[in-house]
Amino acid sequence: MNSIKKLLMAMTLLLSVTFATAQIKNKTTETVKINGNCGMCKKTIETAANIDKVAKVNWDTNTKTATVTYDTKKTNLDAILKRVANAGYDNEKFNAPNAVYDQLHGCCQYDRETSDKKVE
């Protein structure tokens, strides 16, 4: 019984330390529109945007919006959205380069709008 208590205490301590170090410091959260269609889009968008302990993005396939949480001392929203555009996904501030968009899987090629946004 005593060893079970020690094991549980050790696991709790380990999880607490892991959770504490994984958090983003100096964080701000914003919601932005990012074009895309499916689960593959979600994976690509989040992979392009997420940086451990700096930026965390969660893109919703239904609403086409992303919740972006980032460390304001290490990055900014423009830098995150540029990475997303460079992965092939137009967003509120930047359009994806045509060559990158053209390389997206067929189901990931969304209807593009013409705009004055900067092409990355």
Side-chain angles (χ1 to χ4, degrees):
M1 185 66 134
N2 204 12
S3 62
I4 292 174
K5 285 182 182 179
K6 287 181 182 179
L7 179 61
L8 287 173
M9 190 181 313
M11 288 175 47
T12 302
L13 180 62
L14 180 62
L15 289 173
S16 298
V17 169
T18 301
F19 181 75
T21 58
Q23 291 181 341
I24 296 173
K25 297 179 182 180
N26 308 303
K27 70 180 176 180
T28 191
T29 301
E30 299 185 47
T31 302
V32 295
K33 284 286 207 186
I34 299 175
N35 292 335
N37 293 324
C38 62
M40 280 196 303
C41 296
K42 178 177 175 65
K43 183 177 180 183
T44 303
I45 290 166
E46 291 176 358
T47 298
N50 290 339
I51 300 173
D52 192 35
K53 299 180 190 172
V54 175
K56 177 71 177 162
V57 174
N58 185 17
W59 184 73
D60 186 293
T61 56
N62 295 319
T63 63
K64 313 299 186 225
T65 59
T67 303
V68 182
T69 303
Y70 58 96
D71 184 333
T72 57
K73 292 189 177 185
K74 294 183 179 178
T75 193
N76 58 54
L77 186 61
D78 281 359
I80 295 165
L81 292 178
K82 282 180 188 178
R83 289 196 305 274
V84 171
N86 286 331
Y89 295 90
D90 297 345
N91 55 67
E92 288 183 3
K93 295 191 175 199
F94 302 98
N95 281 333
N98 290 330
V100 178
Y101 171 82
D102 291 341
Q103 293 297 314
L104 293 176
H105 189 274
C107 71
C108 295
Q109 291 185 352
Y110 46 88
D111 292 330
R112 296 183 91 181
E113 300 173 13
T114 57
S115 74
D116 295 333
K117 291 185 283 187
K118 186 174 180 180
V119 175
E120 281 305 299

What distance separates Phe94 CZ from Ile34 CD1, expressed to the nearest 0.5 Å? 11.5 Å
Taking atom NZ of Lys27 and atom NZ of Lys56, what is their separation to the nearest 0.5 Å? 12.0 Å
Nearest-0.5 Å distance that lies between atom CD in Glu92 and atom CG in Asn35: 10.0 Å
Here the gap from Tyr101 atom OH to Tyr89 atom OH, rounded to the nearest 0.5 Å, amounts to 9.5 Å
Does any non-hydrogen side-chain atom of Leu81 lie less than 4.5 Å from one of Val32? yes
Pairing donors with acceptors under 3.5 angstrom, does anything connect the side chains of Asn58 and Lys42? yes
Minimal non-hydrogen separation, Trp59 against Cys38, with atom names: CZ3-O, 3.7 Å
Hey, could you give me the NZ/CD1 distance between Lys74 and Ile24, rounded to the nearest 0.5 Å? 9.5 Å
How long is the gap from OG1 on Thr61 to CG on Asn37, to the nearest 0.5 Å? 9.5 Å
Heavy-atom donor-acceptor pair, Glu30 side chain to Leu77 backbone, under 3.5 Å: no
Pair Thr69, Thr29: side-chain N/O donor-acceptor within cut-off below 3.5 Å: yes
Tell me whether Gln103 at atom CD has more than 12 heavy atoms from other residues, nucleotides or ligands lying less than 6.0 Å away. no
Minimum-distance pair of heavy atoms, taken over all atoms of Thr65 and Lys33: CG2-CD, 3.6 Å
Common cluster, Val100/Val84, ILVMFWY with side-chain heavy-atom separation under 4.5 Å: no
Looking only at heavy atoms, what is the nearest atom pair of Ala55 and Arg83, with distance? CB-NH2, 4.2 Å
When you compare the side chain of Asp78 with that of Lys93, does any pair of heavy atoms fall below 4.5 Å? yes
Shortest non-hydrogen contact between Asn95 and Ala85, atoms and distance: O-CB, 3.8 Å
Please check this pair: side chain of Arg112 against backbone of Ala96, looking for a donor-acceptor N/O pair closer than 3.5 Å. yes
Show the nearest heavy-atom pair for residues Tyr70 and Asn76, with the distance to one decimal. CE1-CA, 3.8 Å
Pair Lys53 + Asp71, salt bridge at N-O below 4.0 Å: no
When every non-hydrogen atom of Ile80 is compared with those of Ala49, the smallest separation belongs to CG2-CB, 3.8 Å
